[in-house]
Amino acid sequence: MSDLVEMPEGYFEIAPRPTSAELAAYYRDKYFGATHGATPYAHGYTAEELEHKRLQPAETERIWGRPAGTMLEVGVGEGFSLDYFRQRGWDARGLDFTDDGVRAFFPDLAAHLALGDAFALLDEVIAAGETFDLVICNNVLEHVIDPVGLIRRLRAIVAPEGMARIAVPNDGSWLQDQIVARGHADPRFWLAPPDHLNYFNTDSLPRTMTAHGWEVVEHLGEFPIDIFLLNEDTAYMRDRAKGRNCHFARVAFEMGLWKDRSLDAVIEFRRGCARAGIGRNQTLYARPAKGPAAGTP
């Protein structure tokens, strides 16, 4: 039975922790064992979903606001962000433990991907003295055994005037507390070990980043899809079949806001979500604070 332990920065970690070997075996089986060679990426997207996947890198480019430079993505997944930035003239490459995602969607990107343990690969980058203008780390921090160690490594590879994009789920939020209090989901329904080992809400993520040598530039919250859990007709935790239509509603809303209003309108909406403590996923843009960070690798 897993428990939650609050860390000094205010985020929570699952306890007991798996070992590195146990976690590696879990993901190896998840991606290569139980699926019998069919990866988790072997599914189709609608045309609107594919266009929606360009929203995140378009947002990042707008927040960056400067000419193209060097970019490293830690946790490339399917490769949509890496492809976007390479298409936009960036010198961009990525790190991941598997190339299944990019081979399914962007086979040519495999040549720009280093495979292996993220911590070992980042230590190699640090040892080589490399830095990048932009570092993207989407939905990785919640998965790793040592999240603070990852945060410190990312700081070590961001150029002094560079920026990082860190995205994680917004878990332990007041909205999730309301969903539970009103009887729409079980307590701590958002726990997902061993996939998710670390849990940040919109208070603890910026606090954690600031404590380890970062200065927050922007804090955004994506569409709060969990708001659907307050309505029995759309309560996808009770009836998983309802989840896909809730997802399509989120995509339709964000695409409509982007296309009918503007990218800046999407960013403003997401900025308001983070201020209100909502958003199923949250994104923090940060730059290295002046001076050395505590515990720098």
J.: Report the C-alpha distance between E215 and K290 in whole Å, list the side-chain angles of each, state the deciding distance to 0.1 Å, and finish with yes or no for salt bridge (Lys or Arg N to Asp or Glu O under 4.0 Å).
T.: CA-CA 9 Å; E215 178 185 346; K290 303 302 181 186; over 6 Å; no
J.: For a salt bridge (charged side-chain N to carboxylate O under 4.0 Å, His left out) with E59, tell me which candidate from R270, R271, R54, K53 qualifies.
T.: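 The salt bridge (charged side-chain N to carboxylate O under 4.0 Å, His left out) with E59 is passed solely by R270 among R270, R271, R54, K53.
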J.: Measuring only between side-chain heavy atoms, which start at C-beta, is L113 closer than 4.5 Å to R93?
T.: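 When only atoms from C-beta onward are counted, R93 and L113 do not touch, as no gap falls below 4.5 Å.
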J.: Atom OG1 in T208, atom CZ in F200: separation rounded to 0.5 Å?
T.: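 One gets 5.0 Å once the value is rounded to the nearest 0.5 Å.
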J.: Looking at R88, I'd like to know if its CZ atom is crowded, meaning that more than 12 non-hydrogen atoms belonging to other residues, nucleotides or ligands lie closer than 6.0 Å.
T.: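 Atom CZ in R88 is not packed in, count stays at 12 or less.
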J.: What's the verdict on side-chain hydrogen bond (donor to acceptor under 3.5 Å, both in side chains) for Y26 and D195, showing C-alpha distance, side-chain angles and the deciding distance?
T.: CA-CA 9 Å; Y26 170 76; D195 290 275; 2.6 Å; yes
J.: In terms of side-chain heavy atoms, does H112 have a donor or acceptor partner in R86 at a distance below 3.5 Å?
T.: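 Checked: H112/R86 side chains pair up, N/O donor to acceptor below 3.5 Å.
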J.: Could you give me the CA-CA distance, side-chain angles and deciding distance for L115 and T98, then say whether side chain to side chain contact (heavy atoms under 4.5 Å, CB included) is met?
T.: CA-CA 6 Å; L115 300 180; T98 175; 5.6 Å; no
J.: Less than 4.5 Å apart, any side-chain heavy atom of L191 and any of H196?
T.: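 With C-beta onward as the side chain, the pair stays apart.
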J.: Ring centres under 6.0 Å, that's the criterion: do F80 and F85 meet it?
T.: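 When the ring centroids of F80 and F85 are compared, they turn out to be at least 6.0 Å apart.
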J.: Check for me whether the distance between the ring centres of F253 and F248 falls short of 6.0 Å.
T.: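 No, too far apart.
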J.: Under the rule for side-chain contact (heavy atoms from CB on, under 4.5 Å), what residues qualify as partners of A276, not counting sequence neighbours?
T.: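 Residues passing side-chain contact (heavy atoms from CB on, under 4.5 Å) with A276: I278.
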J.: Assess whether atom CZ of R238 is packed by more than 12 heavy atoms of other residues, nucleotides or ligands within 6.0 Å.
T.: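 Above 12, so yes.
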J.: Whether the Q178 and H184 side chains hold a donor-acceptor pair (N or O, under 3.5 Å, no angle test) is what I'd like checked.
T.: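 No - no donor-acceptor pair under 3.5 Å links their side chains.
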J.: Do the side chains of I166 and M209 get nearer than 4.5 Å, heavy atoms only?
T.: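 Counting from C-beta outward, M209 and I166 do come under 4.5 Å.
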J.: Salt bridge (Lys or Arg N to Asp or Glu O under 4.0 Å) for R280 and D171? Distances and angles first, verdict last.
T.: CA-CA 8 Å; R280 186 63 196 96; D171 282 324; 2.9 Å; yes
J.: For H247 and R244, which I'm curious about, is there any donor-acceptor pair between the side chains at under 3.5 Å?
T.: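 No, no side-chain donor-acceptor contact under 3.5 Å.
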J.: Testing W90, Y285, F132 one by one against W64 for a ring-ring contact (aromatic ring centres under 6.0 Å, His included), which residue passes?
T.: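 Of all the options given, the one that passes is W90.
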J.: Does the side chain of V74 reach to within under 4.5 Å of the side chain of R153, using non-hydrogen atoms?
T.: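 When only atoms from C-beta onward are counted, R153 and V74 do not touch, as no gap falls below 4.5 Å.
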J.: Does NZ or CZ of K242 lie under 6.0 Å from the centre of the six-membered ring of F228, at an angle within 45° of the ring axis?
T.: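 No, K242 and F228 do not form such a contact.
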J.: Test your reading of the model: is there a side-chain donor-acceptor pair from R17 to the backbone of L197, 3.5 Å cut-off?
T.: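 Yes, R17 side chain to L197 backbone: donor-acceptor pair under 3.5 Å.
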J.: Testing the basics here: between V180 and F189, what is the closest heavy-atom pair and its distance to 0.1 Å?
T.: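 Shortest heavy-atom separation between V180 and F189 comes out as CG2-CD2, 3.7 Å.
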J.: Does the side chain of H143 come under 3.5 Å of the side chain of Y27 through a donor N or O and an acceptor N or O?
T.: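 A pair is found: one side chain offers a donor N or O, the other an acceptor, under 3.5 Å apart.
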J.: Quick one: does V76's side chain get under 4.5 Å of L95's, heavy atoms only?
T.: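 Contact flag for V76/L95 side chains = no.
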J.: Indicate yes or no: does K259 engage E51 in a salt bridge with an N to O separation below 4.0 Å.
T.: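 E51 and K259: salt-bridged.
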J.: Is a side-chain donor-acceptor pair under 3.5 Å present for E9 with S204?
T.: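 No donor-acceptor contact under 3.5 Å links the two side chains.
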J.: So, using ring pair (Phe, Tyr, Trp, His ring centres under 6.0 Å) as the criterion, who are the partners of Y84 when residues are at least two apart?
T.: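 Result, ring pair (Phe, Tyr, Trp, His ring centres under 6.0 Å) vs Y84: none returned.
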J.: Mind running salt bridge (Lys or Arg N to Asp or Glu O under 4.0 Å) on E61 and R165 for me, showing each step along the way?
T.: CA-CA 11 Å; E61 187 178 43; R165 181 191 205 269; over 6 Å; no
J.: Under 4.5 Å between any side-chain heavy atoms of L82 and F106, yes or no?
T.: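 L82 vs F106: side chains apart.
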J.: If you count every heavy atom of other residues, nucleotides or ligands that lies below 6.0 Å from I267 atom CD1, does the total exceed 12?
T.: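 Yes - once you tally the heavy atoms of other residues, nucleotides and ligands closer than 6.0 Å, there are more than 12.
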J.: Mind running ring pair (Phe, Tyr, Trp, His ring centres under 6.0 Å) on Y199 and Y11 for me, showing each step along the way?
T.: CA-CA 6 Å; Y199 298 86; Y11 75 93; 9.6 Å; no
J.: Which heavy atom in A167 sits nearest to a heavy atom in N281, and how many Å separate them?
T.: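 Distance-wise, the nearest heavy atoms are CB-ND2, 4.0 Å.
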J.: Before accepting this row, confirm whether a basic side-chain N of the pair R275/E268 lies closer than 4.0 Å to the acidic partner's carboxylate O.
T.: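 The answer is yes: the pair qualifies as a salt bridge.
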J.: Do M71 and V135 touch side chain to side chain, with heavy atoms closer than 4.5 Å?
T.: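 Of all side-chain heavy-atom pairs linking V135 with M71, none is under 4.5 Å.
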J.: If every non-hydrogen atom of G277 is compared with every non-hydrogen atom of S173, which pair is closest and at what distance?
T.: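 Between these two residues, the closest heavy atoms are O-CB, 3.8 Å.
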J.: Quick one: does any side-chain atom of D91 pair with a main-chain N or O of G69 as donor and acceptor, under 3.5 Å?
T.: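 No; judged by distance alone, with no hydrogens or angles, the pair does not exist.
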